[in-house]
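For reference, the structure is listed below as structure tokens.
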Amino acid sequence: MPSVRLDPRRPPPAGYYAANLLTVTETVLDRYGDILTDEERDFGLRVRALAPDAQRLLARLLGRASARDGTIREDSLDYAEVADIPGALAELAARDLIERCPAMPAETVVGLLTRPEMHRVFWDVDGVRRGTKADHLERILAANPPVFCRWRVRRFVGWLRFTESAFLDLYRLLFFGDRHQDLTTFVLRDLGVHRYEAVNLSRETRQFPDRESLGRFLELTVADDDIRMLFPMRVDDRKPHDDPVREAVIADLVQRLWTRLDNRMLERRRSRALNRLGRSLEREGDFDRALACYARSTLAPARERRMRILHRLGDGHGVEQLRAEVLESPWAALETDFATRFARPFRRRAAPVEDLVLTGSAAGIEAQALAHLTSEGGTGWHLENHLPMAVFALAYWSWLFAPVEGAFVNAFQTGPVDLFWPDFIGSREGICEDPLDGTLIPLLKMMARAKSGVANRLFSWQRFTPDVADAVTDNIPEPDLRALVEIVREDLAGKRSGFPDLTVIYGPGRYEFVEVKGPGDQLQIHQRLWIEALERRGLPVRVLRYRRAAPCG
């Protein structure tokens, strides 16, 4: 994919944004042209056939949220690279890519005006010069019918609306892998903010192998959107539970999500939607339908939620049956831990703790702890999970960027789509060599030099710098680094949080991982699981707990 090196102090070259839009369009037509409908393909062909000025104007319009989601004033269009804006607008309208002065709610159209402009356009409305813009808008709408409001604004300024949002969303999905990324992603790359690993983007490895899988994905997206609308975050926005229309929609959603899918990506998306629907129903006390949703899901924490509901309903036998199922075939380490602890006596072995007296503020307590630990020599860093994730990423770099079907959708990914899926390792065992079969430290050193600065979803090079990588590989013994990699490999999703705050090195073979807790702070479950995993492998780990000095007298 061609790129242009941008200078943040200068505007991009003429045609830069249009070139990025064409890259998206051409890529989608090339990779997915065989499964697009005639209308979907025609959208890309219309964009490609535009004259340069129209392409440039369209690209700039799509970079403005107001153009994608609503309206934009025509007199706000002023771009040096578009020589003939009126002509470009006329061509975009002729190609049915924009609509000029469409009939829209009067509130939206009048709202395009500034407060002084409202004075000029609606000079005859009583009281229009007093109060806020919202006050002006209310008075204008109350005094005039909608058609008259639009007519008056149209005499003053034109407005436009992008008409093909659905097609644009589809092209963004097929190019970026989701509906939310946009052309600004190119800018971040070309400014040098991010460097990306080269990946295979052929038709053979595309995310949607056929129209059926694309159609099913879009259906699941609609279902997910419906769930969010039915169960808004704000309780005040929710409709009554006895609303028959709402109840029918919920029943239809359960039915639409009922059948398990063979495609890994689609099944995960279906199960995530079921978990969201089940959790929403559970919060409303609809336990029967919540249990039904969780029972059809194949993704954690569905079985945990089922155990909680069954326990609440007094079904001890059901809880024990499900607990045995989880312990025999766990989906995640957190699930195993929950099944071990839930509804039965359990005492977790305490982590090694050293108590210290806090001096000064609890802000920056990790720096205070690091200074204490290295006061007699050594060095350390506040790396948290960047350390184990970086060591794993460098060891398994070829696995992370392997050409697995559907794993890479665009050239801006910092990791595969299925990175944290339970079968991430299993799906690559037949095509990748296991780095743990050979010597690890030389591989880590080589990869740290070769990939320095290349964006990786698992860690940041700003935290795990090349100097840190050298210190880690020079001082932590190979068996310990292998053990660290193995812990992450066993539960990649679960181990991406909770690692001890500090990595401290005192010399070759002498190091430790230290979790720092301030006054009143407690270990969280992810932190406990990490500490237990390190202890089982014999890796040095402890907790520094700071308490405030006792008051005098």
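Quick caveat: nothing in here was measured; it's all calculated off a predicted structure.
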When the aromatic ring centroids of F408 and F401 are compared, is their separation below 6.0 Å? yes

Is there a donor-acceptor contact under 3.5 Å from the side chain of W159 to the main chain of P102? yes

Between D53 and V82, which heavy-atom pair has the shortest distance, and what is it? OD1-CA, 3.7 Å

Can you see which heavy atom on Y294 is nearest to which on G278, and at what distance? OH-C, 3.2 Å

Rounded to the nearest 0.5 angstrom, the CZ-CZ distance for R279 and R305 is 3.5 Å

Count the heavy atoms of every other residue, nucleotide or ligand shown that sit under 6.0 Å from CZ of R256, and state whether that count exceeds 12. yes

Flag the pair T205 / R31 as yes when at least one side-chain heavy-atom distance between them is below 4.5 Å, and no otherwise. yes

Got a second to check how far T108's OG1 is from R150's CZ, nearest 0.5 Å? 10.0 Å

Applying the salt bridge (charged side-chain N to carboxylate O under 4.0 Å, His left out) test to E164, which of R95, R172, R46 qualifies? R46

Keeping S329 on the side-chain end and V326 on the backbone end, is there a donor-acceptor pair under 3.5 Å? no

Decide yes or no for F162 and L58: does some side-chain heavy atom of the first lie under 4.5 Å from some side-chain heavy atom of the second? yes

Salt-bridge present (R246, E284; N to O < 4.0 Å): yes

Could you give the distance from CG (N385) to CZ (R463), rounded to the nearest 0.5 Å? 10.0 Å

Does any part of the side chain of S213, heavy atoms only, come nearer than 4.5 Å to the side chain of F208, both counted from C-beta? yes

Are more than 12 heavy atoms from other residues, nucleotides or ligands located less than 6.0 Å from atom CD of E486? yes

Side chain of R161, backbone of T71: donor and acceptor closer than 3.5 Å? no

Roughly how far, to the nearest 0.5 Å, is the CG atom of L274 from the CZ atom of R270? 5.0 Å

Run the salt bridge (Lys or Arg N to Asp or Glu O under 4.0 Å) test on R56 and E81 for me, step by step, so that the C-alpha distance in whole Å, both residues' side-chain angles and the decisive distance to 0.1 Å come before the verdict. CA-CA 7 Å; R56 293 177 181 182; E81 71 266 32; over 6 Å; no

Taking the side chain as C-beta and beyond, is there a heavy-atom pair between K451 and E197 under 4.5 Å? yes

For a quick check under 3.5 Å, do S271 and E267 share a side-chain donor-acceptor pair by atom type? yes

Evaluate the ring planes of W530 and F499, with Trp represented by its six-membered ring, and classify them as parallel (under 30°), tilted (30 to 60°) or perpendicular (over 60°). perpendicular

Determine, stepwise, if the pair R48 / D42 fulfils salt bridge (Lys or Arg N to Asp or Glu O under 4.0 Å). CA-CA 10 Å; R48 188 169 67 181; D42 178 66; over 6 Å; no

Between P435 and W399, is there a side-chain heavy-atom distance shorter than 4.5 Å? yes

Side chains of R308 and F338: closer than 4.5 Å at any heavy-atom pair? yes

Look up atom CG in D491 and atom CZ in F420, then write down how far apart they are to the nearest 0.5 Å. 11.0 Å

N/O donor-acceptor pair under 3.5 Å between N275 side chain and L299 backbone: yes

Do R296 side-chain atoms and V254 backbone N/O form a donor-acceptor pair below 3.5 Å? no

What are the two closest non-hydrogen atoms of L141 and C149, and how far apart are they? CD2-SG, 4.3 Å

State whether the side chain of H386 and the backbone N or O of F459 hold a donor-acceptor pair below 3.5 Å, judged by distance alone. no

When every non-hydrogen atom of E91 is compared with those of A49, the smallest separation belongs to OE2-O, 4.4 Å

Please name the pair of heavy atoms, one in L277 and one in L257, separated by the smallest distance, quoted to 0.1 Å. CD2-CD1, 4.4 Å

Sub-4.5 Å side-chain heavy-atom contact between L29 and L45: yes

Would a line drawn from the ring center of Y17 to the ring center of Y79 be shorter than 6.0 Å? no

Should K495 and L492 count as side-chain neighbours, where that means a heavy-atom distance under 4.5 Å? no

Indicate the atoms forming the closest heavy-atom contact of T25 with G44, along with that distance. CG2-O, 3.3 Å

Enter the distance from D288:CG to E282:CD here, rounded to the nearest 0.5 Å. 12.5 Å

Is there a donor-acceptor pair closer than 3.5 Å between any side-chain N or O of R323 and the backbone N or O of F342? yes

